[in-house]
Amino acid sequence: MDMLLNPLNRWRRLRDDIPVMPGAFPLVGHLPAIVCDLPRLLRRAERTLGSHFWLDFGPAGHLMTCLDPDALALLRHKEVSSALIEEMAPDILGGTLVTLDGSAHRQARDGIKAAFLPRGLTEAGIGELFEPIIRAQVKAWRDRGEVAILPDTRNLMLKLTFSLMGIPAQDLSEWHRKYRQLLQLMVAPPIDLPGMPLRRGRAARDWIDAQSRQFIRDARARAARTGLINDMVSAFDCSDGALSDDVLVANIRLLLLAGHETSASTIAWMVIELAQHPELWDALVEEAQRVGAVPTGHEDLAQCPVAEALFRETLRMHPASSLVPRRAMQELQLGQRRIPSGTHLCIPLLHFSTSPLLHEAPDQFRLGRWLQRTEPIRPVDMLQFGAGPHVCMGYHLVWLELVQFSIALALTMQEAGVRPRLMSGVEKGRRYYPTAHPSMTVRIGFS
Ligand code: HEM
């Protein structure tokens, strides 16, 4: 099938001397191809236009996309701004630290980052909290014998995220409902009328923010609540400078969002890869049997090199955050080009994660590239989590939950004498933006 590009828009034109990719549709630009076929779109643009070109993100306008490895350095550049992210998703990400720059960003991040480092996670007992939830989920899969993998990993991630936040079990179904409505803001048409997704999504956001305010009050009153919110509130209250509770509330919303779809997609891809590569499954089962139990602390993760390699290789092949936007705050040199101040930029993490410039045989799923390496993990090896001041705060958490998940899956299925098997195709229905994920319909059998 050919790409979802507008056949009537064929002419080549330039903006700031940089070619615009042909094929944009009115209103939605290249979004259909970005969402459904991003790797082919980037390859075609590189082949026909070179390493620098404009893509049209519909309502978010044109972003200058750069495939030169210099683009990765932008993530650390002081003269690029993340404020563009707020302009692209004001209702959902407004006021969160991913949209802030400089000292405002540092202050907000410093207030909460400790809770997400290995020590903070260990002290909060996050591994112990997750283990029974993950175990119960994979046992349910074993009993059902076949699952649509992505809807199920999304449910699992919601349970983990809510337990992380210390949301009481009796409130979970209401949170689920509001959370689904909040997510609609990502794709809601800009029509603010009763019953429309925008109106419902904003109401859900206000409900979630009000609940978070109550959590913060409870945490300060030392009410008997567990979870990361307590740790974040105490760290926040001890941090320098007076930050308003609005910052904390917005960032609790960000944490709910940032870890859910990304981790669910990664776990789903991990199971799909295991189903497609029986030799990887055998290696994982061997490791799980040697370790004998699901690890709960960060210090235990070193005993699970196969599970760790699986986590890293899954993310390399299927990075959940495919594109990162920024705005140039001054004129920049990017590869062979001068980029004017004010340019909206797109850093295609997907392209670099699967580039032959950075990885040998990038299209092959190879655990060996992680198991046989002798040097420590470099920033470029974890570029799927971004880099520089905004590097993902959830990295250690995701590492823990993915290793816990893979060991629990191997132990549970091995005990029952079954293994994962792919029951449907995987190419159709993949998505790459705003979060990349496999098709909702991919089915995995356990037999
Ligand atoms: C596989 C899972 C994940 C992937 C691939 C991922 C990817 C990313 C990327 C690429 C960024 C950088 C965005 C930018 O530079 O503009 C980021 C930022 C962030 N992530 Fe993650 N993420 C994942 C899971 C999580 C989890 C589980 C959490 C927490 C519960 C989390 C919390 C955050 C936060 C708070 C930021 C903003 C950091 C800042 O702006 O300083 N992420 N993530």
Side-chain angles (χ1 to χ4, degrees), residues 71-72 74-77 80-86 88-89 93 95-117 120-121 124 126 130 153-154 156-158 160-165 227-229 231-232 247-248 250-270 310-327 345-350 352-353 379 382-405 432-437:
L72 276 179
L74 287 175
L75 293 169
R76 298 176 183 281
H77 209 297
V80 302
S81 165
S82 291
L84 179 59
I85 298 178
E86 174 148 357
M88 291 172 78
L93 293 175
T96 66
L97 64 94
V98 75
T99 68
L100 301 175
D101 298 319
S103 60
H105 169 255
R106 242 185 338 270
Q107 222 186 352
R109 186 170 166 118
D110 285 354
I112 52 179
K113 72 175 182 208
F116 288 89
L117 294 174
L121 295 170
I126 299 306
F130 281 0
T153 57
R154 283 186 174 170
L156 169 63
M157 284 318 304
L158 264 193
L160 295 181
T161 309
F162 289 162
S163 73
L164 183 77
M165 294 293 176
L228 279 202
I229 291 185
D231 299 342
M232 278 165 52
V247 177
L248 199 47
N251 287 314
I252 291 173
R253 181 173 5 104
L254 171 66
L255 291 172
L256 280 172
L257 290 164
H260 172 245
E261 301 255 326
T262 47
S263 309
S265 159
T266 311
I267 293 187
W269 275 120
M270 185 186 260
L310 199 52
F311 148 68
R312 296 195 186 280
E313 187 65 352
T314 304
L315 266 161
R316 191 194 66 74
M317 286 280 282
H318 308 289
S321 298
S322 47
L323 307 170
V324 172
R326 292 287 190 269
R327 178 185 290 122
L345 302 161
C346 166
I347 305 163
L349 297 183
L350 171 85
F352 298 112
S353 190
M382 45 176 281
L383 65 86
Q384 304 77 16
F385 292 97
H390 287 277
V391 67
C392 177
M393 289 209 323
Y395 171 68
H396 294 285
L397 180 67
V398 182
W399 180 355
L400 175 68
E401 61 197 12
L402 266 71
V403 170
Q404 285 195 302
F405 171 83
Y432 296 92
Y433 184 79
T435 304
H437 61 77

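Indexing begins at 1, ligand by ligand and atom by atom, following the structure's order.
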message = Quick one, Leu93 and Met88 - any side-chain contact, counting heavy atoms below 4.5 Å?
response = no

Protein heavy-atom partner closest to atom 16 (O) of ligand 1 - residue, atom, separation in Å = Arg326 NH1, 3.0 Å

Geometric class of the Phe385/Phe311 ring pair [parallel <30°, tilted 30-60°, perpendicular >60°] = tilted

ask   = Quick one: nearest non-hydrogen protein atom to atom 36 (C) of ligand 1, plus distance?
value = Met393 N, 4.1 Å

ask   = By number and element, which atoms of ligand 1 are closer than 4.0 Å to a non-hydrogen atom of Gln384?
value = 5 (C), 7 (C), 10 (C)

task = Would you check if Met382 and Tyr395 make a side-chain contact, meaning some heavy-atom pair closer than 4.5 Å?
result = yes

query = For ligand 1, does Asn251 get within less than 4.0 Å through its side chain, its backbone, both, or neither, judged by non-hydrogen atoms?
reply = neither

query = Which residue owns the protein heavy atom closest to atom 32 (C) of ligand 1, what's the atom, and how far is it?
reply = Ala258 CB, 3.5 Å

query = Going by the order shown, which atoms of ligand 1 are within less than 4.0 Å of some heavy atom of Thr266?
reply = 1 (C)

key: Protein heavy atom at shortest distance from atom 42 (N) of ligand 1   = Cys392 SG, 3.0 Å

key: Heavy-atom check, side chain of Leu97 versus side chain of Val247, under 4.5 Å   = no

request  = State, without any angle test, whether Glu261 and Thr435 hold a side-chain donor-acceptor pair at a distance under 3.5 Å.
outcome  = no

ask   = Is the closest N or O pair between Arg109 and ligand 1 shorter than 3.5 Å?
value = yes

ask   = Any idea which protein heavy atom is nearest atom 26 (C) of ligand 1, and the distance to it?
value = Gly259 CA, 3.3 Å

note = In ligand 1, the atoms that come under 4.0 Å of a heavy atom of Ile85 are 16 (O)

query = Which atom names give the shortest non-hydrogen contact between Thr266 and Thr314, and what distance separates them?
reply = O-CG2, 3.5 Å

note = Residues Phe130 and Ser163: closest non-hydrogen pair is CE1-OG, 3.8 Å

query = Under 4.0 Å from ligand 1, counting heavy atoms only, is it the side chain of Pro389, its backbone, both or neither?
reply = backbone

ask   = With atoms numbered from 1 as shown, which atoms in ligand 1 lie under 4.0 angstrom from a non-hydrogen atom of Leu349?
value = 10 (C)

message = Pairs of nitrogen or oxygen atoms closer than 3.5 Å, one from His105 and one from ligand 1: do any exist?
response = yes

request  = Look at atom 28 (C) of ligand 1 and say which protein heavy atom is nearest, naming residue and atom and giving the distance to 0.1 Å.
outcome  = Gly394 CA, 3.5 Å

message = Please state which option from Thr262, Leu315, Leu100 has its nearest heavy atom closest to atom 23 (C) of ligand 1.
response = Thr262

message = Regarding His105 and Ser82, do their side chains bring together a donor and an acceptor under 3.5 Å, going by distance alone?
response = no

message = Below the 3.5 angstrom mark, is there an N/O of His390, backbone or side chain, next to an N/O of ligand 1?
response = yes

query = Taking side chain as C-beta onward, heavy atoms only, is Leu75 less than 4.5 Å from His390?
reply = no

message = Just so I know, are the side chains of Leu160 and Leu164 near enough to count as touching, which here means a heavy-atom distance under 4.5 Å?
response = no

message = Within ligand 1, which atoms have a heavy atom of Leu97 less than 4.0 Å away?
response = 37 (C), 38 (C), 39 (C), 40 (O), 41 (O)

remark   = the protein heavy atom lying closest to atom 11 (C) of ligand 1 turns out to be Phe385 O, 3.8 Å

query = Rounded to the nearest 0.5 Å, how far apart are NE2 of His77 and CG of Leu72?
reply = 13.5 Å

request  = Report the distance from atom CG of Leu383 to atom CG of Leu350, rounding to the nearest 0.5 Å.
outcome  = 10.0 Å

ask   = What are the atoms of ligand 1, with element, lying closer than 4.0 Å to any heavy atom of Leu254?
value = 35 (C)

